[in-house]
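Predicted, not measured: the structure shown is a model, and the values here were computed from it. Side-chain atoms are counted along with the backbone in the values below, which use heavy atoms only and exclude waters and symmetry mates.
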Amino acid sequence: MPAYGPDVISANIHKLVDSRDSQDSAAEQAAWNEIARLYDSNVKTPQDQKHLTNSLVESGVLPRLLVSIASAIDGDDYDETISKEELKERIDSTDGSVNPATKIASQYALDNFDAIDGCDGEERDGELSEEELVRWQQTHQGEGDPRTVNPYETNPENLEDPSAGDDALPEDAEHYKKVLEKPYASEQEKLRAVEELNKLGVREIELTEPDGTVRKYQIQVESAGSGRNFVHLWDASSGKIVLRGIGKDGTYTQQVDKNGNPVPFQGSRWSKRNPDSNVTKYEN
């Protein structure tokens, strides 16, 4: 078995996910490069591969990685779903264009495809959706907090302060929280609020509906290339998408499906189930 240090490949994959979450492009590129270097020099046999995969699963890092790089795995024009064929293409690639981390995540998704498909409560459709990947990640956290298993010393600001209360928010975040709770803020204002909350380090937020219902949401912002970002707000309990858009310089456009058709800013499934929520009400 190779000497991983304290599983340094797993630690660098952990670093990759955190750098993508924090939009630190320099740290992200360094992590991609280090993963490729370490993988080539340490993973030589099927047993090595099994050891690494088990480590990533046990720590909860591999499910996080799958959610984080889903858009990179998807070979279509961001249609929000991944097929078995797309996964096999990434796994079988031999031209050096697919990073080992992407291959590992793709193999993990393929191995668990039937279990992931439909894990959000919907019928299986032979495609893995964002909602299903997030739901899978939420129910496969590993043996410990993936931010503290296989820890690394760089970017310690990405780790939450355990002494902070669950409701603690930066002062500026209260403003953006109110925007999301406002029923007639525009979709541009709400997506900007999500992105600004992410910049402030807020990854989870509780929002209150007019009837007093409090729901917890998760924030995800990841690079779409060319200075653009995918901006997402998820319902933490169901794993369903609530708001989504592609942002650049504070302006947001709709994402598109595999046929090039724009999809709504609000998650269709979630908004149908929660028609009275202020979060998905907005002025055009």
Side-chain angles (χ1 to χ4, degrees), residues 1-22 24 27-74 82 84 86-93 96-117 119 128 130 132-156 158-160 203 218 220 222-223 239:
M1 183 185 300
Y4 287 101
D7 284 314
V8 290
I9 299 178
S10 182
N12 275 276
I13 290 177
H14 169 193
K15 185 189 298 184
L16 169 66
V17 177
D18 275 0
S19 63
R20 286 176 66 83
D21 287 349
S22 64
D24 187 338
E28 177 185 345
Q29 188 58 57
W32 282 118
N33 294 341
E34 186 67 359
I35 290 164
R37 185 186 71 80
L38 290 167
Y39 189 91
D40 288 344
S41 60
N42 287 281
V43 182
K44 303 293 187 182
T45 69
Q47 290 75 18
D48 296 340
Q49 179 68 62
K50 183 177 180 180
H51 175 87
L52 174 59
T53 299
N54 288 343
S55 173
L56 292 167
V57 171
E58 290 170 3
S59 66
V61 174
L62 187 46
R64 287 185 72 212
L65 173 68
L66 181 57
V67 171
S68 180
I69 66 171
S71 59
I73 295 173
D74 186 356
I82 299 173
K84 286 185 177 180
E86 290 166 340
L87 293 171
K88 291 175 181 177
E89 285 179 7
R90 300 298 174 272
I91 295 166
D92 295 339
S93 176
S97 63
V98 180
N99 188 275
T102 304
K103 286 179 176 282
I104 292 169
S106 297
Q107 186 65 62
Y108 175 72
L110 186 62
D111 291 343
N112 294 279
F113 196 94
D114 291 341
I116 299 173
D117 188 11
C119 71
L128 303 185
E130 289 183 305
E132 288 166 338
L133 295 177
V134 171
R135 184 61 177 169
W136 179 262
Q137 186 268 326
Q138 291 172 339
T139 55
H140 291 76
Q141 298 283 350
E143 295 180 350
D145 187 333
R147 290 165 302 189
T148 57
V149 177
N150 295 326
Y152 54 88
E153 294 182 359
T154 57
N155 292 341
N158 289 332
L159 305 181
E160 290 181 358
R203 301 294 182 263
Q218 293 180 333
Q220 181 186 37
E222 60 179 10
S223 173

Next item on the list: Could you tell me whether the side chain of K84 reaches within less than 4.5 Å of the side chain of D114, counting heavy atoms only?
Entry: yes
Notebook entry, point to check: K15 versus N12: any side-chain heavy-atom pair under 4.5 Å?
Noted result: yes
Can you list the residues that meet the side-chain hydrogen bond (donor to acceptor under 3.5 Å, both in side chains) rule with [X], with sequence neighbours excluded?
X	value
D111	Q107
T45	Q47, D48
N54	none
S223	none

Can you measure from [atom1] ([X]) to [atom2] ([Y]) and round to the nearest 0.5 angstrom?
X	Y	atom1	atom2	value
I13	Y39	CD1	OH	9.5 Å
L128	I73	CG	CD1	9.0 Å
R135	H140	CZ	NE2	10.5 Å
S19	H14	OG	NE2	10.0 Å
I91	I104	CD1	CD1	11.0 Å
L66	N112	CG	CG	9.0 Å

Next item on the list: Measure from the side-chain N and O atoms of D117 to the backbone N and O of F113, and report whether any donor-acceptor pair falls under 3.5 Å.
Entry: no
Note to self: Whether the side chain of K103 engages the backbone of R90 through a donor-acceptor N/O pair (distance < 3.5 Å, no angle test) should be reported.
What the structure shows: yes
Nearest non-hydrogen partners of [X] and [Y], listed with the distance:
X	Y	value
A105	L65	CB-CD2, 3.9 Å
S68	V17	CB-CG1, 4.1 Å
P63	Y108	CG-OH, 3.5 Å

If the condition is side chain to side chain contact (heavy atoms under 4.5 Å, CB included), which residues does [X] pass it with, not counting sequence neighbours?
X	answer
N99	W32, I35, A36, A101, T102
A30	none
Q218	V134, Q138, E204, W234, A236

Notebook entry, point to check: For R20, which residues count as a salt bridge (charged side-chain N to carboxylate O under 4.0 Å, His left out) partner, sequence neighbours excluded?
Noted result: E28, E222
Checklist line | side chain to side chain contact (heavy atoms under 4.5 Å, CB included) between R64 and D18, worked out | finding: CA-CA 10 Å; R64 287 185 72 212; D18 275 0; 2.9 Å; yes
Margin query: Quick test of your reading of the model: are E34 and R37 salt-bridged, counting only N-O distances below 4.0 Å?
Written below: yes
